[in-house]
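Working notes for the structure below.
Please read these numbers as outputs of a predicted model, since none were measured by experiment. What you see below is based on every heavy atom in this structure, not just the backbone, and it leaves out hydrogens, waters and symmetry mates. Below, chains carry the letters A, B, ... as their sequence lines are ordered, and counting in each starts from 1.
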There are 2 protein chains.
Amino acid sequence: MTIGDAAKASGVNAKLIRYYESIGLIPAAGRTASGYRVYSSSDVNVLRFVKRARTLGFSIERIQILVGLWQDRSRSSAEVKRVALDHVAELEAKIAELRAMSDTLKHLAHACHGDERPDCPILRDLEEGGGSCCHEPPPCPSLAGRGRE
Amino acid sequence: MTIGDAAKASGVNAKLIRYYESIGLIPAAGRTASGYRVYSSSDVNVLRFVKRARTLGFSIERIQILVGLWQDRSRSSAEVKRVALDHVAELEAKIAELRAMSDTLKHLAHACHGDERPDCPILRDLEEGGGSCCHEPPPCPSLAGRGRE
DNA sequence: GATAGGGCTTCCAATGGCTGGAAGGTCAAG
DNA sequence: CTTGACCTTCCAGCCATTGGAAGCCCTATC
């Protein structure tokens, strides 16, 4: 199997296969006399494993660990589960971060008329650093210390 | 004000200020005779605007647009709102993607005993490409509707 | 045997949004 | 005058790819 065949069989781009080899995620493939990389069906299985893991958002670093565990018959499922749950924790943290951004912006956009007039709470928030998302008429002197230190 | 002062006042790293200048996000600062960059308090306001926009996850490209609208007195709030809602849509798409990953992994991790035995549904999923996350003997047709499509 | 095409090889560069370091100039205080 | 904190530029790296250029290999056709 050439790299192109392995790419088709695994769903991983030939270019990406070379990259994965270059960073040591997968072992260096064998070569023909003329220098072409040669792959077996078990190499393709590894590539598919990597592809699926990437689809689930695992970093290359964690995939390296997972591949190692996968090929280690004396692994414990606890080890695998820990890697997975570490990743879940990172995903959840990222989701919470994006969720906060989105909610803030939805709130601001909701308060924005979205018409031809220039007045806009979104820009006001960006200008003021988000300190006072609610832009009430009273000049709120209590906010004097807002964000400048 | 030197770049260090502007950094302190705006909360944007001096290095990042130079970077923002280099990519054209902010205009090139004035210089002293000896080549030091000089900033005014309005420059600091721009930097704070950029910082807040980055905090809300806006791309540099969109921040450029937002800064332009901010400084355009004849802007319409509709333009600003559209930029914001485009960004919200991207955030929501990303959240959905991460949510799907996280849910799949949580499901798999839940099914994993997490003990000293090597048998692990997480690795099985990665191996099989996620085609059959439920590896039960019965093909569980009742689960057809939930999130799997 | 020449040629055309596809696939393979390597290396380099770019993406986004920074961050770090090296090598050197500048400035104020002691 | 020296120290040290600041400033300057440039280069390189992070993550996980993707793209392109230049050139070799292999097969098929004429």
Side-chain angles (χ1 to χ4, degrees), chain A residues 1-26 28-39 43-44 46-67 86-87 90-91 93-94 97-98 101, chain B residues 1-26 28-39 43 46-47 49-67 86-87 90-91 93-94 97-98 101:
Chain A
M1 254 179 147
T2 66
I3 198 169
D5 300 325
K8 268 170 224 148
S10 66
V12 180
N13 199 317
K15 220 142 187 173
L16 203 40
I17 297 175
R18 285 190 205 102
Y19 169 72
Y20 286 159
E21 182 185 312
S22 79
I23 61 170
L25 174 58
I26 57 176
R31 302 280 180 140
T32 65
S34 59
Y36 283 22
R37 285 177 180 81
V38 180
Y39 296 88
D43 293 328
V44 169
V46 173
L47 287 169
R48 275 206 286 247
F49 183 99
V50 169
K51 186 189 166 79
R52 171 67 177 156
R54 285 291 304 138
T55 300
L56 290 176
F58 282 102
S59 68
I60 298 289
E61 197 182 347
R62 280 216 176 92
I63 294 174
Q64 238 151 355
I65 296 169
L66 289 173
V67 170
D86 283 352
H87 180 45
E90 280 177 20
L91 287 170
K94 190 74 191 168
E97 191 189 331
L98 299 183
M101 291 174 179
Chain B
M1 258 177 141
T2 66
I3 198 171
D5 300 325
K8 269 172 223 147
S10 66
V12 180
N13 198 319
K15 223 145 182 171
L16 201 40
I17 296 176
R18 286 191 204 100
Y19 170 71
Y20 286 159
E21 182 185 310
S22 81
I23 61 170
L25 175 58
I26 57 175
R31 301 280 180 141
T32 65
S34 59
Y36 282 23
R37 286 176 180 83
V38 181
Y39 295 88
D43 292 328
V46 173
L47 287 169
F49 183 99
V50 169
K51 185 189 167 80
R52 171 67 177 158
R54 285 295 302 141
T55 300
L56 290 176
F58 282 102
S59 67
I60 298 289
E61 197 182 347
R62 280 215 176 93
I63 293 174
Q64 238 150 356
I65 297 169
L66 288 172
V67 170
D86 283 353
H87 180 44
E90 279 176 21
L91 287 170
K94 190 73 191 166
E97 190 189 333
L98 299 183
M101 292 174 179

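When rounded to the nearest whole Å, the span between CD1 of B:Ile17 and C1' of D:dT9 equals 17 Å. Between the CD1 atom of A:Ile3 and the P atom of D:dC25 there is a distance of 17 Å, rounded to whole Å. To the nearest angstrom, P of D:dA16 lies 16 Å from CG of A:Leu47. If you measure from atom CD1 of A:Ile60 to atom P of D:dC15, you get 10 Å, rounded to the nearest angstrom. At whole-Å resolution of the value, CZ in A:Arg62 and P in D:dC15 are 13 Å apart. Going from atom CG of B:Leu16 over to atom C1' of C:dG21 covers 17 Å, rounded to whole Å. Taking atom NZ on B:Lys94 and atom C1' on C:dG16, their separation rounds to 13 Å, with Å as the unit. Atom CZ in B:Arg18 sits roughly 5 Å away from atom P in D:dT8 (whole-Å rounding).
A:Thr32 comes within contact range of no nucleotide atom at all, as no heavy-atom separation falls under 4.0 Å. Backbone-only engagement by B:Arg54 is indicated by non-hydrogen atom pairs under 4.0 Å involving sugar-phosphate atoms exclusively. Residue-level contact check: A:Ile23 touches neither bases nor backbone, having no heavy atom under 4.0 Å from any strand. Note on B:Phe58: nothing from the nucleic acid sits closer than 4.0 angstrom, heavy atoms only. B:Arg37 comes within 4.0 angstrom of sugar-phosphate atoms only, judged by non-hydrogen atoms across all strands, and of no base.
The side chain of A:Tyr19 approaches D:dA16 more closely than any other nucleotide in the set D:dA16, D:dC7, C:dT9.
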- Message: Apply side-chain contact (heavy atoms from CB on, under 4.5 Å) to residues B:Ile17 and B:Arg37 and explain how you reach the verdict.
- Response: CA-CA 10 Å; B:Ile17 296 176; B:Arg37 286 176 180 83; 5.8 Å; no
- Message: Would A:Leu66 and A:Phe49 count as a side-chain contact (heavy atoms from CB on, under 4.5 Å) here? Give the steps.
- Response: CA-CA 9 Å; A:Leu66 289 173; A:Phe49 183 99; 4.0 Å; yes
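At a cut-off of 3.5 angstrom, the base of D:dG20 holds at least one donor-acceptor pair with the side chain of A:Lys15. B:Tyr36 contributes a side-chain N or O that forms a donor-acceptor pair with the base of C:dG25 under 3.5 Å.
Counting heavy atoms from C-beta outward, A:Arg54 and A:Ile60 have side chains that approach closer than 4.5 Å. Between B:Leu47 and B:Lys51, the closest side-chain pair of non-hydrogen atoms is not below 4.5 Å.
Along DNA chain C, the nucleotide closest to A:Asp5 and the one closest to B:Ser34 are compared, and the more 5′ of them pairs with A:Asp5. Nearest-nucleotide assignment on DNA chain C puts the 5′-proximal partner with A:Thr2, out of A:Thr2 and B:Tyr20.
At the phosphate of D:dT9, OP1 or OP2 sits under 4.0 Å from a side-chain N or O atom of B:Arg31.
Residues B:Lys94 and B:Glu97 are paired through a salt bridge, judged by an N-O separation under 4.0 Å between the basic side chain and the carboxylate.
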